[in-house]
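What follows is a single structure, written as structure tokens, with notes after it.
Residue indices begin at 1 and follow the sequence shown. Note that these values count all heavy atoms, side chains included, but never hydrogens, waters or copies made by symmetry.
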Amino acid sequence: MKPLRASTVAACFQELLGIGKQQKKEIPNESAFLRGLLIGKNILVVDDNKVNLRIAAAALKKYGAKVECADSGKEALSLLQLPHKFDACFMDVQMPEMDGFEATRQIRLMENKANASMAANPNASAAVSTYEWHLPILAMTADVIQATYEECMKCGMDGYVSKPFDEEMLYKAVAKFLVSKRIHET
């Protein structure tokens with residue numbers, strides 16, 4: 001019997017949770033399709049590890065995304081004051097000062113307040129009153145246990161990618177939310 005590898009366990013959990021690689025049959029020309037989704041999209045990557053920031057930024061930029069990086073939860077909160085320009089956010093969960101869970105809770109609180117304010121404003125135009133703030137936030141974590149996944153969902157994250165990550169995992173994760181957003185906008 002071969003020893004169990006962490007990468008194998010991670011892949012199994014991802015597949016089980018529906019986060020892993022999808023079959024190639026679903027998207028005929030996957031690279032071009034994803035490039036079309038990511039081109040020009042503004043993505044915030046938050047991680048206190050400079051290497052992880054560079055890897056994530058390079059992978060997303062390769063497919064046409066405009067990437068901005070922050071090295072703390074507090075910096076992310078500052079960049080995400082409403083209205084902001086971002087289409088998605090990758091958030092490390094373990095950072096000093098303010099972790100990704102707390103940063104996400106604060107972002108969701110800010111969005112909820114803005115959405116409630118817009119809904120209560122009788123003078124808002126129809127276009128403004130139907131818009132809701134909800135930035136897709138994806139956790140970046142090396143911890144793939146169920147408890148971490150549950151904590152990500154509980155604090156308001158929309159999903160996660162496990163570290164170490166590869167380019168395909170990153171852009172597929174964000175593309176899932178951009179496809180959904182595009183469908184809701186039409």
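Not counting sequence neighbours, the partners of Glu102 by the side chain to side chain donor-acceptor pair (under 3.5 Å) test are Gln106. With sequence neighbours excluded, the residues that form a side-chain contact (heavy atoms from CB on, under 4.5 Å) with Ser72 are Lys74, Glu75. In terms of the side-chain contact (heavy atoms from CB on, under 4.5 Å) criterion, residue partners of Asn49 (sequence neighbours excluded) are, by chain and number, Asp47, Val51, Asn52. Taking the salt bridge (Lys or Arg N to Asp or Glu O under 4.0 Å) definition, one finds that Asp99 meets it with nothing, sequence neighbours left out. Under the rule for a side-chain contact (heavy atoms from CB on, under 4.5 Å), the partners of Asp48 that lie at least two apart in sequence or sit in another chain are Asp92, Met95, Pro96. Scored by the side-chain contact (heavy atoms from CB on, under 4.5 Å) test, Ala114 finds Leu82, Trp133 as partners (sequence neighbours excluded).
Rounding to the nearest 0.5 Å gives a distance of 11.5 Å between CG of Leu53 and CD of Glu68. Going from atom OG1 of Thr148 over to atom CD of Gln94 covers 8.0 Å, rounded to the nearest 0.5 Å. Distance OG1/Thr104 to CE/Met153: 9.5 Å, rounded to 0.5 Å. For the atom pair NZ of Lys66 and CD1 of Ile43, the computed distance is 11.5 Å after rounding to the nearest 0.5 Å. The CD1 atom of Ile39 sits 12.5 Å away from the OH atom of Tyr63 when rounded to the nearest 0.5 Å. Considering OG1 of Thr141 and CZ of Phe101, their distance stands at 6.5 Å, rounded to 0.5 Å.
The minimum heavy-atom distance linking Val67 with Leu60 is given by the pair CG2-CB, 3.7 Å. When every heavy atom of Met91 is checked against every heavy atom of Ala103, the shortest pair comes out as CE-CB, 3.9 Å. Among all heavy-atom pairs drawn from Met157 and Ala139, the shortest one is SD-CB, 3.3 Å. Annotation for Val46 and Gly73: closest pair CG1-N, 4.3 Å, computed over non-hydrogen atoms.
Counting heavy atoms from C-beta outward, Met98 and Leu77 have side chains that approach closer than 4.5 Å. Using a 4.5 Å cut-off on side-chain heavy atoms (C-beta onward), Val93 and Tyr160 make no contact.
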Notebook entry, point to check: Stepwise, does the side chain to side chain contact (heavy atoms under 4.5 Å, CB included) test hold for His84 with Leu79?
Noted result: CA-CA 7 Å; His84 60 72; Leu79 291 168; over 6 Å; no
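The number of heavy-atom neighbours closer than 6.0 Å to CD of Glu111, taken from other residues, nucleotides and ligands shown, is above 12.
Side chain of Asp87 to backbone of Asn42: a donor-acceptor contact under 3.5 angstrom is found.
Using modelled atom types, one finds a donor on one side chain and an acceptor on the other under 3.5 Å when comparing Asp158 with His134.
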